[in-house]
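One structure is given below, encoded as structure tokens.
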There are 2 protein chains.
Amino acid sequence: MAIRQTDQTIHKAAWLYYTHGLRQDEVARQLNISRASVAMYLRKARETGIVNISTSTRMFTDDAIAREIEDLYGLASVWVVPHDGRALDPTAEVPIVGASVFLDLVRNGDRIGVAWGRTVYAMADAMSYADLNDVTVVQMCGNLGAPYSYRPDQCTMEIARRLNAKGLNFYAPLVLTSERLARDLRAEPVIREQLASVAHCNLALFSVGTLDEDSHVVMCGALTAGEIHAMRDAGAAGVIAGQMIDASGALLDCDYNRRVISADLASIRSIGKRLMVVQEESKFVPLVAALSGGLCTHLVVSASLARRLRDERSGGTTDRAI
Amino acid sequence: MAIRQTDQTIHKAAWLYYTHGLRQDEVARQLNISRASVAMYLRKARETGIVNISTSTRMFTDDAIAREIEDLYGLASVWVVPHDGRALDPTAEVPIVGASVFLDLVRNGDRIGVAWGRTVYAMADAMSYADLNDVTVVQMCGNLGAPYSYRPDQCTMEIARRLNAKGLNFYAPLVLTSERLARDLRAEPVIREQLASVAHCNLALFSVGTLDEDSHVVMCGALTAGEIHAMRDAGAAGVIAGQMIDASGALLDCDYNRRVISADLASIRSIGKRLMVVQEESKFVPLVAALSGGLCTHLVVSASLARRLRDERSGGTTDRAI
DNA sequence: CACGCGCTCTGACAATTGTCAATTCTTCGC
DNA sequence: GCGAAGAATTGACAATTGTCAGAGCGCGTG
């Protein structure tokens, strides 16, 4: 009760200040509290998403190159983050834009599939709190025991927390040692339901992984550097939700993939809006693979990746600097 | 070009200030402009919707009575605006809440049907600017020549302007002198298309009118006080988009309605989300009629109307003051 | 080329907001 | 019932922001 009272007061203070445009001292007088409390309540209101301040991301779609990439790759919407000279750390900027775009796409009642990775976690971290209702965040792939803070379940939970949503975690490892065990585990009701529920999402958020020595799957001990090289030789071009894809964006037919527990690509593709966010320059090949496979509908990339994407398809027409 | 440059600068300033949390002087340094200009740009960014500050309307749905009314009348969502003692002008508050709720419901790509009236215009006036894409606002009924600022076309245009949307105005009078002329006019391609396009909306915004001497239809000269009394005797209970409805919310079979040019009730009912906003105490009877006819799915009302609505249906159970 | 128009800059002051240590109020455990 | 830990609140000060007048600048025009 006491909590509800305070909660009500925060709402009222936020309403009077932000919607009616009163000054803090006027709000304080209205609510019979000190101005300092009003300032504190307002901070709380912003932190909890009771008040939402969002900046248009239109400036990132205004670039002509964004239009070109939409056309070349058949995407619904593309955001290009410029390398802004001195201004800001350019790569760190991509997930921030990604978070803004993501929040723009989310609605009450949504069901959201989330994969994992450095980029996804950076987005979660940059995401402001939102006051949504009835939103569910579903983890799209199994877990890794690694000590990273961007483990799949961490990504899911953190995003759910920010959105005031329910988090549906996956209680299975990402990769097992035998194909048989993976098959049996996938058949378990808890796991089967989780996997099935991905297809009922209407929004997905993920990045794409590389096949280098410092790729996640290696760092987390799922694969050795040697194995990953072998896979690259066998045609692997990138990693989506823990699964290897080839250059055409199709699931690679390999032993590793059969041992993975993750939402299959068809389920992911059945989700209406699929936002992919790619920041690292080194992810060009995986990115092209994912786009070829039609895995995403919305894309946030850096300007340099955008230029390379355009040149890849348009055969390198105009190529002047930003 | 010079304009685009400035526009870009406004976006960047807003981004750095609101998303990155820099101070105005830091933003000024980054962009090589004076701090005073930054302050100006930020104001512009807020005014044009490049930056959007919204406050949760949850406090208005938290009321138990809102839940009751949803259940009693089968509505998707109800907002109840309390009469807040000293705080704010209670009736003026309803359209402000309505505007917030409305903005919450709008999405990019939406097609929105708008009716007219004092309340709708008050909402337009209270509505903050939004940076939306590809939104269309459709006028749902014909025009009146009255010198009011809340003429149907004014409502449509003003809302379109605030949402950065395209406004589709209706170029016909609301009511004609003969039934034949109304029929002929409705058959005109321009008008027919306009009317048909209402059915393709996915969001509607309207209020409901009374049948008093000071009702809009009288004030605007569409009907005389005498005629409106006669209509009330004939079973008219309220006015929706310029048309008379009976107590069950059905179109009243009368000469006047046959002379009106407006979206028919079936089209309106085919729209997914229909937000009705009612502020005046005197609109209780029309409100009940509209609800009986299932004309809206979302409702914003004052606390006293809410209490009367509950008592109307639940047979007057608990009836303590707020 | 001078002119006026519209825009931005500068510098300064006033208004508003953020912050924090000190204080008051709550809520427990004993 | 008492006292202490902890949370909420406040007053006062510091930092930030809003605003304004006057100056400077670029540009299109007569």
Side-chain angles (χ1 to χ4, degrees), chain A residues 1-56 58-59 62 84-88 96 126 128-129 131 161 164, chain B residues 1-56 58-59 62 84-88 96 126 128-129 131:
Chain A
M1 260 305 153
I3 298 165
R4 285 224 68 56
Q5 172 57 40
T6 306
D7 215 49
Q8 273 293 92
T9 313
I10 295 180
H11 269 91
K12 276 189 197 169
W15 183 259
L16 292 172
Y17 186 77
Y18 286 107
T19 302
H20 280 273
L22 302 195
R23 272 183 280 110
Q24 293 189 355
D25 55 344
E26 297 179 297
V27 176
R29 215 172 316 131
Q30 289 269 346
L31 302 177
N32 273 103
I33 52 179
S34 73
R35 200 191 56 73
S37 295
V38 173
M40 194 201 74
Y41 287 165
L42 293 179
R43 180 157 32 75
K44 230 176 239 179
R46 285 186 303 260
E47 282 167 359
T48 55
I50 289 172
V51 165
N52 191 296
I53 303 184
S54 65
T55 310
S56 159
R58 187 189 292 261
M59 67 185 284
D62 268 356
D84 217 355
R86 70 230 120 56
L88 304 153
I96 296 177
S128 58
Y129 289 77
D131 180 57
R161 197 168 71 84
N164 187 33
Chain B
M1 258 306 152
I3 298 164
R4 286 227 67 57
Q5 173 58 39
T6 306
D7 214 51
Q8 272 293 89
T9 312
I10 296 180
H11 270 91
K12 278 189 196 171
W15 183 259
L16 292 171
Y17 187 77
Y18 286 107
T19 303
H20 282 273
L22 301 194
R23 271 185 279 112
Q24 293 189 356
D25 54 344
E26 298 179 296
V27 175
R29 216 172 316 131
Q30 289 270 347
L31 302 178
N32 275 103
I33 54 179
S34 72
R35 198 188 59 73
S37 296
V38 173
M40 193 198 75
Y41 286 164
L42 293 178
R43 180 158 31 76
K44 229 175 242 180
R46 286 186 302 261
E47 282 167 359
T48 55
I50 289 172
V51 165
N52 188 288
I53 303 184
S54 65
T55 310
S56 160
R58 188 190 292 260
M59 67 186 283
D62 267 357
D84 217 358
R86 70 227 120 56
L88 303 154
I96 296 176
S128 58
Y129 289 77
D131 179 57

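Predicted model only: the values in this text are computed from it and were never measured. All chains are named by letter (A, B, ...) in the order of the sequence lines, taking the proteins before the strands, and each is independently numbered beginning at 1.
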Using a cut-off of 4.0 Å on non-hydrogen atoms, how would the nucleic acid contact of B:Leu42 be classed: base, sugar-phosphate, or nothing?
-> nothing
Atom pair distance, as rounded to whole Å: [atom1] in [X] and [atom2] in [N]:
X       : N      : atom1 : atom2 : value
A:Met40 : D:dT10 : CE    : C1'   : 11 Å
B:Lys44 : D:dT19 : NZ    : P     : 14 Å
A:Leu31 : D:dA8  : CG    : C1'   : 16 Å
B:Tyr41 : D:dG18 : OH    : P     : 15 Å

Report yes if some heavy atom in the side chain of [X] is under 4.5 Å from a heavy atom in the side chain of [Y]; otherwise report no.
X       : Y       : value
B:Thr55 : A:Tyr17 : no
B:Ile96 : A:His20 : yes
B:Tyr41 : B:Ile33 : yes

Expected rows: protein N/O vs nucleotides 12-17 of chain D N/O, under 3.5 Å:
{"residue": "D:dT16", "atom": "OP1", "partner": "B:Arg23", "partner atom": "NE", "Å": "2.7"}
{"residue": "D:dT17", "atom": "OP1", "partner": "B:Tyr17", "partner atom": "OH", "Å": "2.9"}
{"residue": "D:dT17", "atom": "OP2", "partner": "B:Gln24", "partner atom": "N", "Å": "3.0"}

Which pairs count as salt bridge (Lys or Arg N to Asp or Glu O under 4.0 Å) when at least one residue sits in residues 19-28 of chain B, sequence neighbours excluded?
-> B:Arg23-B:Asp25
Write down the atom of A:Ser56, the atom of B:Asp131, and the distance for their closest heavy-atom approach.
-> OG-OD2, 2.7 Å
Would you say the side-chain atoms of A:Arg161 and A:Tyr129 include a donor-acceptor pair closer than 3.5 Å?
-> yes
Among C:dT10, C:dT19, D:dT10, the nucleotide that comes nearest once only the side chain of B:Ser34 is considered | C:dT10
